[in-house]
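Take a look at the structure set out below.
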Amino acid sequence: MEWDCPDCSSIYAVGEPSTNIVSDGQSNGSDNLIAAIRAIEADESLTEQQKNKKRQLLMNKGKGVADLDDDDHMKDKAAAHLYCVICIMLPERPITTPCGHNFCLKCFQKWTSRKNLTCPECRGPIPRSVASQPRINAAAVVAIRMAKTSKLISSEALKKVHHFVHNQERPDKAFTTERAKKTGKANACSGKIFVTVPPDHFGPILAENDPDRKKGVLVGEVWEDRMECRQWGAHLPHVAGIAGQSEYGAQSVALSGGYEDDEDHGEWFLYTGSGGRDLSGNKRTNKYQAFDQKFDKMNEALRVSCKKGYPVRVVRSHKEKRSSYAPSEGVRYDGVYRIEKCWRKIGKQEHKVCRYLFVRCDNEPAPWSSDEHGDRPRSLPVIEELKAATDLTERKEDPSWDYDEEESCWKWKRSPPLSRRTMDTRNPEDKKGKRKAKTSAENLSGRDRLLKGLSCTICRNIMRIPVTAACGHSFCKSCLEVAFSGQTFVRERTCAGRRNLRAQKIVMKCPDPQCQIDISESIKNPQVNRGLMGTIESLKLEAEDDSKVVQNPPENKAKSVYKRRKTNNVPLLSNPDGVGKDDKSSEEQKSKSVSGGTEDEMEVESSTTSESNLKTTATKDSSSSTLQAQLNDDDLE
DNA sequence: GGGCCCGCAGGG
DNA sequence: CCCTGCGGGCCC
């Protein structure tokens, strides 16, 4: 069948839905491999060079990346394990199936939208819940980014959810009622604001406005809830979805699933205005729309930001259940977007709603994107509903925030609107006790945070045998098994010894401390994410090589580990069980071995070095030694 | 899990 | 000062 990849628009032929074009080192679908290669050859949109590369990758994935020697393909070697078999590309937004295979979000959605509920790679079942709400695999994003770049990525998401203000630290007088004291959170909105930007500040919050951390608000930062998001200035209102002033513009919006007309495509989304609801009876919100929305108040503020081309900060909340881009927990800062158009249409509830087209324009890559760079100007998506739109507004003047071709970044082209508010009173002055409470996560460098992204939150080591749960979090297989060992999936119940009640399903929450998602389905038969495992393994090898360059003067040329592996006929992945070695924690030793664990572990001697590594910069070397250091820690523990 | 209740901040 | 609001805890 033919397949046009929505990410890259290339057309590919792939085998039957379930065919095994490429599998973990033991392709049993040679016919399909041939078919896929023919398809690449027949593809007229590709240059010879591109075809060669794709062919190589296809073969390469089947054989375990042993063959590539070209330096240009060093990165591919690491990332090749994570290629999407549908489009044979590196996933922009990796999704992992319960069977442990990785795909582009868009390819996956296209696949499942055709009522294919089996894995394109192994025919394993895809649960409806996964098909309807695929979660981006954060560890795979990190792995791909690391494989693609050796640069330090400053914007990488902190993997830890912040919880900065503890109840006991809030001022006593803020609790005006007994109830508020009891619940703790009710008055959290009186918690301190940590950044020094005025409330009507537009655009990213920079390091200079972050007196404590001196980092600013980073793309991908996650807070426990709207209250804490507010404290970091990303989005101030703790109930309302839009922050703004009708005469002045809107500074930020929250996507949290409150309006069913919202439509999220990650780099762009359609947002619905506020209002039109019956809030009589002291309600704060109401699912049902009773009136038409108008371009007034916050809706007008958004329209001003549209006309002026201001950057609008966007946070996504876990409450947005229909979006694959929403975090599975907490509230996440996703960077700035511009509102390119706004209009009105008849919404799903048959009343008019205000509509806004947001398009991302941030200098940092989005949290779900494997890209190593931020946005470039992109052409506007085709919006079907515009045909029936009324009151259309498009920007006429040059945008205030725009892409500078010379500097290759987004910046203010006109001076940002002058703040009408003073920075005031709420600015914290006493932050004493809190500073020392700084967690190690906050002190990590960008590179270290990347490493953290490849670490299992249970054992805190870099994952050896990763399993990705339905919520998109990944763990060592052995850790997951230990964490849920001895638990059954249903509890038999009897009623006074008379008759059996219906068996009760036991909820197994994701071990990620902040994730509340039930992953019992993923635990029943955890499948190793071999793509992720291979990439992590390659990154480790690369880092080992690099650190050799630092430690030893170059002596030995052009004998990459990949080559050696090939000649020694050693399987790609060392010790897939993650057991049996003396460097294992006792917990890991307790766990059972995983399937296919017959390969021997391969030691990589320190004499191994590669010519290509001689070119590495000092920066890279030092960051790789960080990796090396962590790897050693990993081994020692 | 759904409905209810309510404090709070900010706009107007 | 009143109104609005894509929260969040609690109770059922």
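Throughout, a chain's letter reflects where its sequence line sits, starting with A, and its residues are numbered from 1. Note that these values count all heavy atoms, side chains included, but never hydrogens, waters or copies made by symmetry.
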Please determine, for the side chain of [X], which listed nucleotide ([options]) has the closest atom?
{"X": "A:D225", "options": "B:dG10, C:dG5, C:dG8", "answer": "C:dG8"}
{"X": "A:K319", "options": "C:dG8, C:dG5, B:dG12", "answer": "C:dG8"}
{"X": "A:R230", "options": "B:dA9, C:dG8, C:dC6", "answer": "B:dA9"}
{"X": "A:S246", "options": "B:dG12, C:dG8, C:dG5", "answer": "B:dG12"}
{"X": "A:T285", "options": "B:dG12, C:dT4, C:dG7", "answer": "C:dG7"}
{"X": "A:A240", "options": "C:dG5, C:dG8, B:dG11", "answer": "C:dG5"}

Atom [atom1] of [X] and atom [atom2] of [N]: how far apart are they, to the nearest Å?
{"X": "A:E300", "N": "C:dT4", "atom1": "CD", "atom2": "C1'", "result": "17 Å"}
{"X": "A:I242", "N": "B:dG11", "atom1": "CD1", "atom2": "P", "result": "13 Å"}
{"X": "A:F358", "N": "C:dC6", "atom1": "CZ", "atom2": "P", "result": "14 Å"}
{"X": "A:Q231", "N": "B:dC8", "atom1": "CD", "atom2": "P", "result": "15 Å"}
{"X": "A:I193", "N": "B:dA9", "atom1": "CD1", "atom2": "P", "result": "10 Å"}
{"X": "A:H235", "N": "B:dG11", "atom1": "NE2", "atom2": "C1'", "result": "14 Å"}
{"X": "A:L270", "N": "C:dC6", "atom1": "CG", "atom2": "C1'", "result": "16 Å"}
{"X": "A:H318", "N": "C:dG8", "atom1": "NE2", "atom2": "C1'", "result": "10 Å"}

Does the distance from a Lys or Arg side-chain N to an Asp or Glu carboxylate O, for A:K215 and A:E221, drop under 4.0 Å?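 Answer for the salt bridge query: no.
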Would you indicate what [X] reaches in the nucleic acid, counting non-hydrogen atoms under 4.0 angstrom: base, sugar-phosphate, or nothing?
{"X": "A:T272", "value": "base"}
{"X": "A:Y271", "value": "base"}
{"X": "A:L255", "value": "base"}

Side chains of A:H473 and A:I519, heavy atoms from C-beta outward: is any pair under 4.5 Å?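 A:H473 vs A:I519: side chains apart.
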Side-chain donor/acceptor contact of A:N282 with base of B:dC4 under 3.5 Å: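 Not at all, since no donor on one side and acceptor on the other fall under 3.5 Å apart.
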Distance to the ring centre below 6.0 angstrom and angle to the axis at most 45 degrees; does that hold for A:R213 and A:W232?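 Checked: cation-pi criterion met.
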Could you check whether A:R277 makes a cation-pi contact with A:Y259, meaning its NZ or CZ is under 6.0 Å from the centre of the six-membered ring and within 45° of the ring axis?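 Checked: cation-pi criterion met.
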Out of A:E300, A:K297, A:Q251, A:R420, which residue meets the side chain to side chain donor-acceptor pair (under 3.5 Å) rule with A:Q245?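 Result: among A:E300, A:K297, A:Q251, A:R420, A:Q251 is the only option passing the side chain to side chain donor-acceptor pair (under 3.5 Å) with A:Q245.
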Searching all strands shown, indicate the nucleotide that pairs with C:dC6 (Watson-Crick or G-U wobble; both distances under 3.5 Å).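 With both distances under 3.5 Å required, C:dC6 matches none.
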Between A:K287 and A:Q251, who's closer to the 5' end of DNA chain B by nearest nucleotide?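 On the 5' side of the pair lies A:K287.
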Quick check: on DNA chain B, is the nucleotide nearest A:K283 upstream (toward 5') of the one nearest A:G244, or the reverse? Name the residue that is more 5'.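 Between the two, 5'-proximity favours A:K283.
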I'd like to know if the side chain of A:N299 reaches the main chain of A:S274, judged simply by a donor and an acceptor atom lying under 3.5 Å from each other, with no hydrogens or angles considered.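 At least one qualifying donor-acceptor pair exists.
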